[in-house]
Amino acid sequence: MRMTRYILPTMKEDPSDAVVVSHRLMTRAGLIRKESAGMYVYLPLGVKVLLKIIGIIREEMERAGALEFLMPELTSADLWKESGRWNTMGPEMFRIKDRNGMEYSLAPTHEEAFTAVLRQILSSYRDLPVNAYQINTKFRDEVRPRYGVIRSKEFIMKDAYSFDLDEKGLEESYQGMRTAYRRIFERCGLETIPVQADTGSMGGSNSEEFMVASDVGEEVLLLCDGCGYRANREKAAYGRGAGPREKDAPEGLASVDTPGVRTIDDLTAFFSCGAGRFLKSIIYMADGKPAMAVVPGDREINEVKLKNILGAVELGLATDEDILKLTGAPTGFAGPVNDFKMRTIFDLSVKDTVNAITGANKKDLHYTGVNPGRDFIIKDEADITSAMEGDRCPSCSTPMYERKGIEVGHIFKLGYKYTRSMGVTVLDRDGKETVPIMGCYGIGVNRTMAAVVEQHNDARGIIWPVEVAPFHIYFIGIAKTEAETAAVDEIYGFLKESGFDVLYDDRRVSPGVKFADADLTGIPVRVVAGKNYFASGEIEVKSRMGGEPCTAKKEVLAEQIRAILAAAKVKK
RNA sequence: CGGGGCGUGGCGCAGUCCGGUAGCGCGCAUGGUUUGGGACCAUGAUGUCGGAGGUUCAAAUCCUCUCGCCCCGACCA
C-alpha cells in the first residue's frame, strides 16, 4: 500500500481528551477517531488490526469446533421476557420501539437470541454438542464510558454459546474454550491472568475471566504467588483469623451515649480506636425483603457475595425510612443485639470478635463489650466481605496482593438458566425430552486491541506483536532523483512479491517524519532504501521490537525480514 | 446521579478576570530551496468563538437557559 493513496492521519500531539496510553496512541497512530462519548470510528489502519484479531479468534474457534453465526443486533423484547431479563437487565440495556410499537433491545449480549434459534434447530442428542458463536457489535448504555475503546457504549464482541447434553459435556466444552482462549490471547501477544470470577447477571456456576494486568483496569484482582490462586474481588475468598482477634476477657455489655455518631469514621473518632473494633450492621432490601449484614467495621461488604448468599435478583440498601421502621432507630444505630425478624447474615470473621462496639438500635446509642454467642447468636454465617491486599490466600494462607486488570475474555458455565426458561429440549437416547446445558464465552475484540497497545508500547509509539500488526513492513524510500525513486519503487514491488504486506511511505516529506510515523504506527519491520542503497545496494532493516538496524542486499532481504518476523513471533 | 473542569480554523492552545479589528503553534494549499530522525523561505486558504436568548452603541469576553465533552466519586450507616 502506498501511503500517498492511503488514509493514515497521524498526530504529533496527544488528543486533549485521551488519558490512557492506548487511547492516546490509537488516536495518534491513526487507528481510531472519536465520534462521541463511548463511540469510535475505526480508520483503515485500525480496521486492519481489528481484522487480524478477529482472524485469530476465528481460527481458534474453528479449531475448537465452534460454528460461526451472525445474529441481528436487535433482539425482540419477547425473547427477553421469556428469559425474564427484560425486567432484570436495568438501564444499561438500550431499549427501542419500532413504528408499530414493537419493543426491542439493542443487544448487550445474545443468550436469548442464540437460545431461540437453537431451540428451533436442535432436536436430538445427536445434534449435540454445539458451540455457536458470532463476532458482532454489542451495545451497553454504560454509566460512564471511558478510557477510549476500553469501555465504550458500542463494542465488538465475540460471543459463543455451547449446548451440551449433560454436565460432563459442558465441562468438555468449557475446557475446550479455556484452551482456545489461552491460544487466542497468546497469539495476540497478550499476557493474561486467568482469574476465578462471579457469574454476575448472566447466571451460572463456574467462571473464569481473562485479565490483562494494567493500572487502568477496572477490576481488582487478588493474586497468590504461593499456590497460584487468582480471583477478582467480587469472587475472592480469604482466610479469617484462627481464633479471637483479641485475647481480652469478655467485658459486660454496656451502652454509651453517642449523639450524632453514625458512620465508622465518626465512631473511630468518638471512641478513638480502630475501625476493626466495630461491627457494622447494614440493612438491605433483597427482592423487597429486608436483610441485615453484619461485618467488621474495617471491612467492606461484598454485595455480589451477599446477593448470592441471599439468592436475590435485586439487592439494594434499605432507605432511611425502612431502617427506622425495621430497627426502630435512625440510620447509623443498627446492631446485631436485637430481636428483629429479618434475616441476618454474619461475615465469617464476626464470630472471632471480642468486646465489639455496635449500634444499639436506639437513636444516639451504641453498645460496647458486645460478644457473639452471648449478646447475639450467629445463625447465618457466610463470606460476605471483600478480600484486600495482605489477606491470606483461602487455599494456602500466603498473603495475597492486588493488581488491577482489564477483562478481555470471560468464560462461564451458564447451566440451565436459558434452556429451561426458554424451553429448549432434545430427545435423548431413550427418546425422552432432555434440557441441554449451556456455557457462554465472550471476548471483547476492540478491548483486546486496546489491551495489546497498553501492553506493547514505548515513548515513540505502538509496538505491534507480529500476528496482530496492521502491516508487516513499513517501507521508507529516501529518493532525490527520478531514477532513485524508480529504484525504490522497484524494491517496494519486490517486497510485495515476496509475500509481505507492505506500507510504502512514498510521501514527499523529510525522512524524520517518516521515521517518526514508522515508530508511532508500530509496524514490526522498518525497511529503508536510501543513499546507501544507491551507493552500494545496502538496504536497512530494523525491528520495531528493538535492537540495532542491520543491512542487507536485495538478494537476502526477504530472508532477513522473515527471520525478524519469525523471531518476533516466538518472543511474543 | 453528585462534585470539578473544558467547549475559540482539521489538531493542540492563548485571548474571557478588565466588552472595542479573532490570534499563536502544528497541519493544509501554491512556488522555491532542502532530504537518514518531526527542515527552511515566501505567499495563501480555512472561524455560526458549542447553541439559544438577553444586556450594550458594541459580546469569544457580562447575564440567563441549554447542549456536548473530559476527570473524580457514587450509597459501606
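Labels below follow one simple rule: chain letters A, B, ... track the order of the sequence lines, proteins then strands, and each chain is numbered from 1.
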Counting side-chain heavy atoms from CB outward, which of B:C70, B:C76, B:G36 is closest to A:I301? B:C76

Taking only Lys NZ, Arg NE, NH1 and NH2, and the carboxylate oxygens of Asp or Glu, determine whether A:D391 and A:R299 approach each other closer than 4.0 Å. yes

In terms of side-chain geometry, is the basic nitrogen of A:K404 or A:E218 positioned less than 4.0 Å from the acidic oxygen of its partner? no

Any carboxylate oxygen within less than 4.0 angstrom of a Lys/Arg side-chain nitrogen, looking at A:R460 and A:D458? no

If each of A:K531 and A:M11 is mapped to the nucleotide of RNA chain B with the nearest heavy atom, which maps nearer the 5' terminus, i.e. the 5' end? A:M11

Side-chain heavy atoms of A:F333 within contact of A:D364, under 4.5 Å: yes

Using a strict threshold of under 4.0 Å (side-chain N to carboxylate O), is an ion pair present between A:E540 and A:R526? yes

Criterion salt bridge (Lys or Arg N to Asp or Glu O under 4.0 Å) against A:R233, the qualifying member of A:E389, A:E402, A:E219: A:E402

Restricting to nitrogen or oxygen on both sides, can you table the protein-nucleotides 22-33 of chain B pairs closer than 3.5 Å?
residue : atom : partner : partner atom : Å
B:G25   : N2   : A:E13   : OE1          : 3.3

Within residues 284-292 of chain A, find the residues that approach RNA chain B with a heavy atom at under 4.0 Å, and present them sorted by residue number. none

Strand contacts (RNA chain B) in residues 514-527 of chain A, 4.0 angstrom heavy-atom criterion: A:F515, A:A516, A:D517, A:D519, A:R526

From the set B:G38, B:C70, B:C76, return the single nucleotide nearest to any side-chain atom of A:R28. B:G38

Enumerate all atom pairs, one protein N or O and one N or O from nucleotides 44-46 of chain B, separated by less than 3.5 Å.
none

Any idea which of B:G36, B:A39, B:C71 is nearest the A:V19 side chain? B:C71

Here's a test for you: under side chain to side chain donor-acceptor pair (under 3.5 Å), which of A:R240, A:K280, A:E300 qualifies with A:T385? A:R240

RNA chain B nearest-nucleotide lookup for A:R33 and A:A37: closer to the 5′ end is A:R33

Please report the interatomic distance CD(A:E154) to CZ(A:F94), rounded to the nearest 0.5 Å. 8.5 Å

Between A:K554 and A:E490, does any side-chain N to carboxylate O distance fall below 4.0 Å? yes

Closer than 4.0 Å, any side-chain N/O of A:S510 to the OP1 or OP2 of B:U35? no

Of all of residues 324-344 of chain A, which get a heavy atom below 4.0 angstrom from RNA chain B, listed by number? A:T331, A:G332

Protein and nucleotides 1-9 of chain B: nitrogen or oxygen contacts under 3.5 angstrom:
none

Residues A:R2, A:D489: salt bridge by 4.0 Å N-O rule: yes

Do A:Y474 and A:D519 pair up side chain to side chain, a donor and an acceptor below 3.5 Å, judged on atom types alone? no

Give a yes or no on whether a salt bridge exists between A:D17 and A:K34, defined as a side-chain N under 4.0 angstrom from a carboxylate O. yes

Looking at the side chain of A:R146, which of B:G73, B:G37, B:C76 is the nearest nucleotide? B:G73

Would you indicate whether A:K48, at its atom NZ, is surrounded by more than 12 heavy atoms from other residues, nucleotides or ligands within a distance under 6.0 Å? yes

Using a cut-off of 4.0 Å on non-hydrogen atoms, how would the nucleic acid contact of A:I476 be classed: base, sugar-phosphate, or nothing? nothing

For a quick test of reading the model: is some side-chain N or O of A:S16 closer than 4.0 Å to OP1 or OP2 of B:C13? yes

